[in-house]
Protein chains: 2
Amino acid sequence: MKTSPRGETTREALLEAATVVFAREGFPAANLRGIAERAGVNPALIGYHFQNKEGLYLAVFTQWVANMRACLEPAWAVIAQALDGPEPQGPPETVYLEPLLALVDGMVAHIVMEHPAWGELMVREQQSPSAAFDILFEGIIGPNQRALVALLQRLRPGFEGEKVRLIAGMIVSQVLVFRNARLPLMRLMDWAKVGPRELDAVRALIRRNTQLLVLGD
Amino acid sequence: MKTSPRGETTREALLEAATVVFAREGFPAANLRGIAERAGVNPALIGYHFQNKEGLYLAVFTQWVANMRACLEPAWAVIAQALDGPEPQGPPETVYLEPLLALVDGMVAHIVMEHPAWGELMVREQQSPSAAFDILFEGIIGPNQRALVALLQRLRPGFEGEKVRLIAGMIVSQVLVFRNARLPLMRLMDWAKVGPRELDAVRALIRRNTQLLVLGD
DNA sequence: GTCTATAAAGTGATAGAC
DNA sequence: GTCTATCACTTTATAGAC
């Protein structure tokens, strides 16, 4: 945790290398020698900077959550304002639908285009949760779920809570499939990568779907 | 591959134990001694029956694909008949929508209720594909994608191919989320498990969503 | 802060008796 | 078909010189 210039460089190089290797290999298979080699530092320095393998792993997630929160917090703020703000102007379909679509757009942009390593780490943690999963849930997943459900409840006050939460899950699933089942999906689409053109197509369709799911009876 | 009664029992015990352990730990972390212990047999027998660790792993997938195909093939047959059969009676919305909903219902029943181990194995293979992924894709994912896309193309002949395939992916994503992101979803729903009541709620909502996604403009 | 060297504890695989 | 015993190898972690 020292901040002397040399040590900080080492620390960051190790974090970057660990992100890639843990994502590609998973925690048990990841090799500390390989991480150190990729970072261009000596393996023993992992023990010095992060205590042990698990310490390095958790540090990767802590850094990622901070990064992702910085991107999502603006959208959450807009939603909180729409929910708690003064008297809403106009019908719910316009007051709450736009913040909802903005949130979904943000998720699409980040999840579809983000460095694949992040998605792989998230999937692995959902598969075999460790302490890192709590870091993810408390920092990102939970707040995002709460914002989404609150918006949907305002949009469809007639729906019972369970139906609203399930719809929220299904909306998110359309975005998550790009990280959770990227390989079969890319084969289905016959895409080699998701570039700007593909991103536009995805965003447009998910916007359409979200409106259908929210406004359908 | 012998079929003498004693050896066959050992083989099946090893496959069952390997399914659970590979799913929980992943291929690299799974321990052959642990698998043998759980199966109640001697570790050396893994080499005798499956050659090596990889042979055991692939055998798990081969067995699973055979099992799953047995469940899905009836639905695929109904769809093939609707697609290739004689003159369709009535509008596409009735001729093709019912087979589509039947297929989705089947996926829901299997994926939501199946032994969690299968889903975990599938996710892991999508994350770091090995030869087992091809077994999965050729045996299950590919045929299922083709059936779904063919139906959607008939239902919405006006949509371009890319849009149809993307809609197909989004329909599937709603089912897959129950294996790909089960943990956050269960927390969102505040469900401890997916019993008959929860399954009904899921099936009903996914039917609703599928119709909205297919019939929406 | 960084390095070398090595300890300590696994791992998958197999030879050979039964 | 099954078991015991063991080999060859890799892994994480750390002690101690610089």
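Labels below follow one simple rule: chain letters A, B, ... track the order of the sequence lines, proteins then strands, and each chain is numbered from 1.
The distance from atom CG of B:Asn42 to atom P of C:dT14 is 15 Å, rounded to the nearest whole Å. Atom CD of A:Glu8 is separated from atom P of C:dG1 by 9 Å (rounded to the nearest Å). For the pair B:Asn52 CG and C:dT11 C1', the computed distance is 14 Å after rounding to whole Å. Residue A:Tyr48 contributes atom OH, which lies 15 Å from atom P of D:dT14 at whole-angstrom precision. Atom-to-atom, CD1 of B:Ile46 to P of D:dC3 comes out at 12 Å; the value is rounded to the nearest Å. A:Phe50 has its CZ atom 16 Å from the C1' atom of D:dA13, to the nearest Å. Residue A:Leu14 contributes atom CG, which lies 11 Å from atom P of C:dC3 at whole-angstrom precision. Here the C1' atom of nucleotide D:dT2 and the CG atom of B:Leu45 are 5 Å apart, to the nearest Å.
Under the 30°/60° scheme for interplanar angles, the aromatic rings of B:Trp118 and B:His115 are found to stand perpendicular. Between A:Phe137 and A:Phe133, the ring-plane angle classifies as tilted under the 30° and 60° cut-offs. Classified by interplanar angle (parallel below 30°, tilted 30° to 60°, perpendicular above 60°), the ring pair B:Phe27/B:Phe22 is parallel.
Residue-level contact check: A:Ala29 touches neither bases nor backbone, having no heavy atom under 4.0 Å from any strand. Residue contacts shown for A:Ala30 are limited to sugar-phosphate atoms, with no base heavy atom under 4.0 Å away. Contacts of A:Leu32 with the nucleic acid, taken as non-hydrogen atoms under 4.0 Å apart, involve only primed sugar atoms and P, OP1 or OP2.
Across all their heavy atoms, B:Gln174 and B:Ile206 have their closest contact at O-CD1, 3.7 Å. Across every non-hydrogen atom of A:Glu120 and A:Ala23, the tightest pair is OE1-O, 3.2 Å.
Under 4.0 angstrom from either OP1 or OP2 of D:dT2 there lies at least one side-chain N or O belonging to B:Thr10.
When the nucleotides D:dT2, C:dT2, D:dT14 are ranked by their closest atom to the side chain of B:His49, D:dT2 comes out on top.
The residue among A:Gln51 and A:Asn31 whose nearest nucleotide of DNA chain D lies closer to the 5′ end is A:Asn31.
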